[in-house]
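Computed from a predicted structure; not experimentally measured.
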Amino acid sequence: MKPIHILFACLLLPGVVRGQTSSANPDSSGSDANLAAEIKSLREALLQTQKQMAAQQQEIESLKAQSKNAVTIAPVSELPNPSNKTAGDSATPAVEPATVSPVAKIQRQSPAPQIQENGKPEAPLGSFRIGDAVLELGGFVDLENIYRTTNTQSNIATNLGGFPYNNTPQGSVSEFRTTAQFSRLSFKIEDNFAGNNILGFVEGDFSGNDSPGVYQSVNQHTNRMRLYFMDLKRGKWEILGGQTWSWLTPNREGIGPIPSDLAITYNEDQNLGVGVPYTRAAEFRVAYHPNEHWAFGAGIEDPNQYIGGYVALPAAFTSIGPQFDNGAQVGAANAFPDVLSKVTYDNKFASRHFHAEITGLFTGAHASVMPVGADSFKTHTTVGGGGQLATNYELMRDKLVFLANAFWSDGGAHYLVATGPELVVRPNALGTDISLSMVHAGAGSVGLEWRMTPKQAFAVYYGADYYGRNSFLDTTNTTHPGTIIGYGGPGSPNTNNRAIQQATFDWLQTFWKNPRYGALQTYVQYSYLTRNPWFVGPDDPKNAHLNMIYAGFRYVLPSSAGTLLRVPYPN
């Protein structure tokens, strides 16, 4: 029943009762006159009540209009929040409760999402705010199974330049292992200070310096530093210092160092794949972004004058070996940092992303020997360099991506997972002194990545590494005159690779993903590899070949699960 009906009934009830009483006592004196007076009084009261109700209704409409105006004018973030006051808040609301609608009260007690009292956005899911900085935890827990048709004696990083031939014991037996050492943990912290956007990034896994008995009993894999850098942006300028991916590692977009911005394949092999140059080394670099399409920069990276076990040294100067990275010592006698420059271009054509880049390399090496007949050491220096072109393009928007890169250098083996040497040591014609000579090194790869659904992706890649022959007569060898040394000459071992090739197929399946709870993935990588030496003996195989399968499960932490919406978590 409406309030006006209840009020009317209450006013009418006494008159009805009075009328019934008068009807029951017809002989009462003056009853007719009293009844007429009461009816008149009742009519006047009813008229007054109607006027009051009309005035109240008008006042209610006016209050509603005022309440709507108050909610529209005052932003939600400025309305008082009784449940979350600070020491400086007033106890009296800016708008009296009687003049605020129920909707306004709810909005006032529920601040706008992702906005703090200080006006700064809240940290995203999986992140924490430390003062004004946002700390994001990332990474994944990985259980990996690896099967190879030959015993490469590798862990999860395949020895791409040295897997065995089938005429050896290791080349006649397969290997299998299960490991969690690819599991990864990362920290990213971002802040803005005095107009500077600052990003710090740390990433580690458990593929450090494994001891020979690492797979016995307790699998004591050691933690290692994969990435550890600071990136500062101010206006159009960007400065980076620390350990990160080389600028020779192709980008998917831009010129930045974050792993999800790099074209480092979907492969599970920790050495990425044949044909993709990369290092993760100490670097300092400066980049400039003139607009949203172009970026360019220059920097220095840690060098490594590398000969490995590939190079045959002059007989009279074998003591020079430890001055290079020959796999038997921690450091080498590097002459100066590698200098790299990079230019990138990004744009959209028909709403599909296109990226192209060109990278330059300048490198060098030096070594000291005491020439025959001399009484002091003499230092020899050589320089080399190279460049790379890389691109990727969305053939189908957010679905099918084409990637390609081509690299050529004198002395660029350092960036090809050391599958060949950077240089050789050449004796002079008299055999009294030496010089250093760079080895040509090239690489290239092409690939297609198909993101069939947000939870399923496939990829296929082909890559190749090439090393040029650099061999000569050892004029210092008087015991065996005519011996050929250097790299790739007649009689050289089958580790002197001319070409290494790899074809790979990847399948990644995400079972579920949630920004709050993370994601669960399974993955499969199948690869076929061959390597061809410069010299093949009369009874030796023409090449070595390897089939391998990676298969496993991975739980991705919530912060990193966000990258799965664009690409699966990168290597």
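At distances below 3.5 Å, not a single donor-acceptor pair connects side-chain atoms of Lys399 with backbone N or O atoms of Trp450. Looking at Thr222, its side chain does come within 3.5 Å of a backbone N or O of Asn209 through a donor-acceptor pair. With Asp398 contributing its side chain and Pro454 its backbone, the two residues share no donor-acceptor pair below 3.5 Å. Judged purely by atom type and a 3.5 angstrom limit, Asn405 uses its side chain to pair as donor or acceptor with the backbone of Gly275. Although no hydrogens or angles enter the test, the distance criterion places a donor-acceptor pair under 3.5 Å between the side chain of Ser154 and the main chain of Asn159. Panel note: side chain Asn145, backbone Ala551; a donor-acceptor pair is recorded below 3.5 Å. Checked by atom type and distance alone, the side chain of Lys188 never pairs as donor or acceptor with a backbone atom of Ile258 at under 3.5 Å. Of the possible polar contacts, none joining the Thr359 side chain to the Gly387 backbone as a donor-acceptor pair under 3.5 Å is found. With hydrogens and angles disregarded, no donor-acceptor distance shorter than 3.5 Å links the side chain of Glu238 to the backbone of Asp231. A distance-only check finds no donor-acceptor pair linking the side chain of Arg148 to the backbone of Gln153 [under 3.5 Å].
Distance OG1/Thr344 to CD1/Ile358: 12.0 Å, rounded to 0.5 Å. Separation of atoms CG (Asp302) and CG (Asn334) is listed at 6.5 Å; rounding is to 0.5 Å. For the atom pair Asn496 CG and Asn532 CG, the distance stands at 13.0 Å (nearest 0.5 Å).
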Self-check item: Full working for side chain to side chain donor-acceptor pair (under 3.5 Å) between His440 and Asp410
Solution: CA-CA 5 Å; His440 296 306; Asp410 282 342; 2.2 Å; yes

Self-check item: Derivation of the ring-ring contact (aromatic ring centres under 6.0 Å, His included) call for Phe229 and Phe201
Solution: CA-CA 6 Å; Phe229 64 85; Phe201 192 86; 5.6 Å; yes

Practice problem: Before giving the answer on side chain to side chain donor-acceptor pair (under 3.5 Å), spell out for Arg234 and Asn196 the whole-Å C-alpha distance, their side-chain angles and the decisive distance to 0.1 Å. | Solution: CA-CA 5 Å; Arg234 183 180 180 88; Asn196 302 300; 3.0 Å; yes

Self-check item: Check against side-chain contact (heavy atoms from CB on, under 4.5 Å), Ser492 and Tyr487
Solution: CA-CA 7 Å; Ser492 60; Tyr487 181 80; over 6 Å; no

Quiz item: Run the side-chain contact (heavy atoms from CB on, under 4.5 Å) check on Thr249 and Ile264 step by step: do they pass?
Solution: CA-CA 7 Å; Thr249 309; Ile264 46 181; 3.4 Å; yes

Practice problem: Evaluate the side-chain contact (heavy atoms from CB on, under 4.5 Å) criterion for residues Met438 and Glu422: first the C-alpha distance (whole Å), next the side-chain angles of each, then the deciding distance (0.1 Å), finally the verdict. | Solution: CA-CA 6 Å; Met438 292 292 187; Glu422 178 186 17; 3.7 Å; yes

Practice problem: Go through Leu508 and Tyr266 one step at a time and tell me if the side-chain contact (heavy atoms from CB on, under 4.5 Å) criterion holds. | Solution: CA-CA 8 Å; Leu508 295 95; Tyr266 291 174; 3.6 Å; yes

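Between Phe362 and Phe336, the angle of the ring planes stays under 30°, which puts this pair in the parallel group of the 30/60° scheme. In this structure, Phe458 and Trp507 have parallel ring planes: the angle between them is below the 30° cut-off, well short of the 60° mark. Note: Tyr306 and Tyr310 have perpendicular aromatic rings, judged against thresholds of 30 and 60 degrees for the angle between ring planes.
Side chains of Asp540 and Tyr165 form no contact here, defined as non-hydrogen atoms less than 4.5 Å apart. Side-chain contact between Val274 and Gln501: absent, with no pair of heavy atoms (C-beta onward) separated by less than 4.5 Å. The shortest side-chain heavy-atom distance between Asp142 and Arg184 does not fall under the 4.5 Å cut-off. Within the 4.5 Å cutoff, the side chain of Met548 has heavy atoms near those of the Gln525 side chain. Counting heavy atoms from C-beta on, the side chains of Asp269 and Ser527 never come closer than 4.5 Å. In this structure the side chain of Thr363 never reaches within 4.5 angstrom of the side chain of Ser409, judged on heavy atoms. Using a 4.5 Å heavy-atom threshold, the side chains of Arg554 and Glu268 count as touching. Leu361 has its side chain within reach of Tyr415: a pair of non-hydrogen atoms, C-beta onward, lies under 4.5 Å apart.
Of the residues Thr504, Asn547, Asp506, the one that meets the side chain to side chain donor-acceptor pair (under 3.5 Å) test with Tyr526 is Asn547. If you run side chain to side chain donor-acceptor pair (under 3.5 Å) between Asp205 and each of Gln181, His221, Gln270, only Gln270 comes through.
Residues Arg498 and Tyr466 come closest through the heavy atom pair O-CD1, 3.2 Å. Summarising the geometry of Glu394 relative to Val401, their closest heavy-atom pair is CG-CG2, 4.0 Å, with the distance given to 0.1 Å. What you find for Val276 and Ser445 is that their closest heavy atoms are CG2-OG, 3.8 Å. Nearest approach of Pro250 to Ala390, heavy atoms of both residues: CB-CB, 4.0 Å. Across all their heavy atoms, Lys342 and Trp247 have their closest contact at NZ-O, 3.0 Å. Contact between Thr150 and Pro164 at its shortest, heavy atoms only, is OG1-CD, 3.7 Å.
Between Arg280 and Glu203, none of the side-chain N atoms (NZ, or NE/NH1/NH2) sits under 4.0 Å from a carboxylate O, so this pair counts as no salt bridge.
Under the 3.5 Å distance criterion, with hydrogens and angles disregarded, a donor-acceptor pair is assigned to the side chains of Arg531 and Asn497. At a cut-off of 3.5 Å, with distance as the only test, a side-chain donor of Tyr461 or Glu449 sits close to an acceptor on the other residue. Between the side chains of Asp465 and Tyr467, not a single donor N or O lies within less than 3.5 Å of an accepting N or O.
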